[in-house]
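This report concerns only the one structure given below.
Each residue takes its place number in the sequence, starting with 1.
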Amino acid sequence: MSAISENIKFYRTKNSLTQAQLADKLDVSEQAVYNWERGSRIPRMGYIEKMAELFHVESPDILKVHKQPTNMKPIDQTGMHAIRIPIIGTIACGTPILAEQNIDGYTTELFEEKPDGTLFALKCQGDSMEPKIPNGATVTVRLQPTVEDDEIAAVLVDDDEEATLKRVKHVGKQVMLMPENKKYDPILLNKENPGRILGKVIKVSYSL
């Protein structure tokens, strides 16, 4: 199996598509998709680009080799800082973010430099921030009330009951919450639709 065939199968299954469904979206035969994933045929660049758009990735992501080279050395963790961080499960309305009833366990994250401030973690649910933050990833957030434009933040919306991860853009006195995934619309925060920034995302962790 080539890297391309492995990647096509990986992204297809990640997006919950059958070979027949992918073939239908690309307007090719199911046999063509089968041959691509088996490695007996290589799709033309036009189909690579269509799949990249469909999977919300870049074309090189489908072309590149993801396997670890045999000459790679393990990362030297000497001097790394292991920080135990509370995972916020649910957010009880009106309670501090780190209140005991909000905490749903702990995770330990490694940092080259010990981060400043108060940290908490969230489990990402959904694909609105893919491919930057995949579904199921753990994000480490530094508690702070504001962020700069284009930084990713955890933001409390829906009457202080739901935390969402979005890229922040300031437009006058309003705030736009921008998803990475183009199939989702931005969220506009204003007097009619209030929200508040919980903190800045400083690290994303996930398993391949």
Side-chain angles (χ1 to χ4, degrees), residues 1-75 87-90 104-105 107 109 121-141 150-155 157-158 162-169 176-188 201 203-208:
M1 225 183 209
S2 68
I4 295 175
S5 59
E6 289 180 347
N7 293 338
I8 292 172
K9 184 175 182 180
F10 170 78
Y11 287 118
R12 174 181 64 78
T13 55
K14 183 179 180 181
N15 285 269
S16 302
L17 293 173
T18 64
Q19 289 184 341
Q21 289 171 329
L22 177 58
D24 183 62
K25 290 179 181 295
L26 297 175
D27 196 22
V28 298
S29 67
E30 185 178 350
Q31 183 65 41
V33 175
Y34 171 79
N35 289 337
W36 294 345
E37 293 190 358
R38 208 179 86 176
S40 59
R41 294 285 189 277
I42 297 176
R44 293 200 299 262
M45 195 62 204
Y47 291 122
I48 294 287
E49 291 172 350
K50 285 184 178 180
M51 282 187 280
E53 183 177 357
L54 178 65
F55 299 146
H56 305 291
V57 298
E58 301 295 331
S59 298
D61 290 321
I62 296 178
L63 298 171
K64 69 185 178 182
V65 177
H66 293 277
K67 291 181 179 178
Q68 178 175 308
T70 56
N71 63 346
M72 285 189 69
K73 296 180 180 179
I75 297 175
I87 300 172
I88 305 303
T90 57
D104 190 27
T107 181
E109 299 291 339
L122 294 171
K123 289 285 188 181
C124 179
Q125 296 182 349
D127 61 353
S128 69
M129 291 301 286
E130 289 189 347
K132 186 76 173 180
I133 304 177
N135 181 39
T138 299
V139 295
T140 301
V141 181
D150 291 326
E151 291 183 330
I152 297 176
V155 185
V157 295
D158 293 343
E162 180 184 354
T164 184
L165 300 172
K166 294 291 184 290
R167 196 176 293 278
V168 172
K169 290 185 181 292
M176 295 281 287
L177 304 182
M178 307 295 295
E180 295 287 290
N181 192 332
K182 294 180 181 178
K183 75 178 184 180
Y184 291 92
D185 295 326
I187 299 172
L188 180 63
V201 173
K203 185 177 182 181
V204 180
S205 304
Y206 56 90
S207 300
L208 296 176

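Taking CD of Q31 as the reference point, atom CZ of R41 lies at 9.0 Å (rounded to 0.5 Å). Once rounded to the nearest 0.5 Å, the distance linking CD of E37 with CG of N35 reads 10.0 Å. Atom CD1 in I62 sits 13.5 Å away from atom CD in E6 (nearest 0.5 Å). One distance of note links CG of L177 with CG of L165; it measures 10.5 Å at 0.5 Å rounding.
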Check against side-chain contact (heavy atoms from CB on, under 4.5 Å), W36 and L26: CA-CA 13 Å; W36 294 345; L26 297 175; 3.7 Å; yes
Would L22 and I8 satisfy side-chain contact (heavy atoms from CB on, under 4.5 Å), going step by step from the backbone distance to the final call? CA-CA 10 Å; L22 177 58; I8 292 172; 4.3 Å; yes
Passes side-chain contact (heavy atoms from CB on, under 4.5 Å), I187 versus M176? Steps please. CA-CA 6 Å; I187 299 172; M176 295 281 287; over 6 Å; no
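For the residue pair S59 and A52, the shortest heavy atom distance occurs at N-CB, 3.6 Å. What you find for P186 and P179 is that their closest heavy atoms are CA-CD, 3.8 Å. Taking every heavy atom of both residues into account, I48 and P43 meet most closely at CD1-CG, 3.6 Å. Nearest approach of D61 to N7, heavy atoms of both residues: O-ND2, 3.4 Å.
Proximity of a side-chain donor or acceptor of E53 to a complementary backbone N or O of K50 within less than 3.5 Å is not detected. The backbone N or O of L17 lies less than 3.5 Å from a partner atom in the side chain of R12, making a donor-acceptor pair. Using a distance-only test at 3.5 Å, with no hydrogens or angles considered, a donor-acceptor pair links the side chain of N15 to the main chain of Y11. The backbone N or O of G89 lies less than 3.5 Å from no partner atom in the side chain of D104, so there is not a single donor-acceptor pair.
Remark: D150 CG is packed, more than 12 non-hydrogen atoms of other residues, nucleotides or ligands lying under 6.0 Å away.
Put simply, the side chain of E109 reaches to within 4.5 Å of the side chain of S205, judged on heavy atoms. Counting heavy atoms from C-beta on, the side chains of M178 and V168 never come closer than 4.5 Å. The side-chain heavy atoms of T140 and V201, taken from C-beta on, include no pair separated by under 4.5 Å. Two residues are said to be in side-chain contact when any heavy atoms from C-beta on lie closer than 4.5 Å; E151 and R167 fail this criterion.
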Identify each donor-acceptor pair in which a side-chain atom of residues 122-139 lies under 3.5 Å from a protein atom, sequence neighbours left out, and give them as a table.
residue	atom	partner	partner atom	Å
K123	NZ	T138	OG1	2.9
D127	OD1	Y184	OH	2.4
D127	OD2	K183	NZ	3.1
S128	OG	K166	NZ	3.2
E130	OE2	N135	N	3.0
N135	OD1	G126	N	2.8

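Partners of E30 by salt bridge (charged side-chain N to carboxylate O under 4.0 Å, His left out), not counting sequence neighbours: none found.
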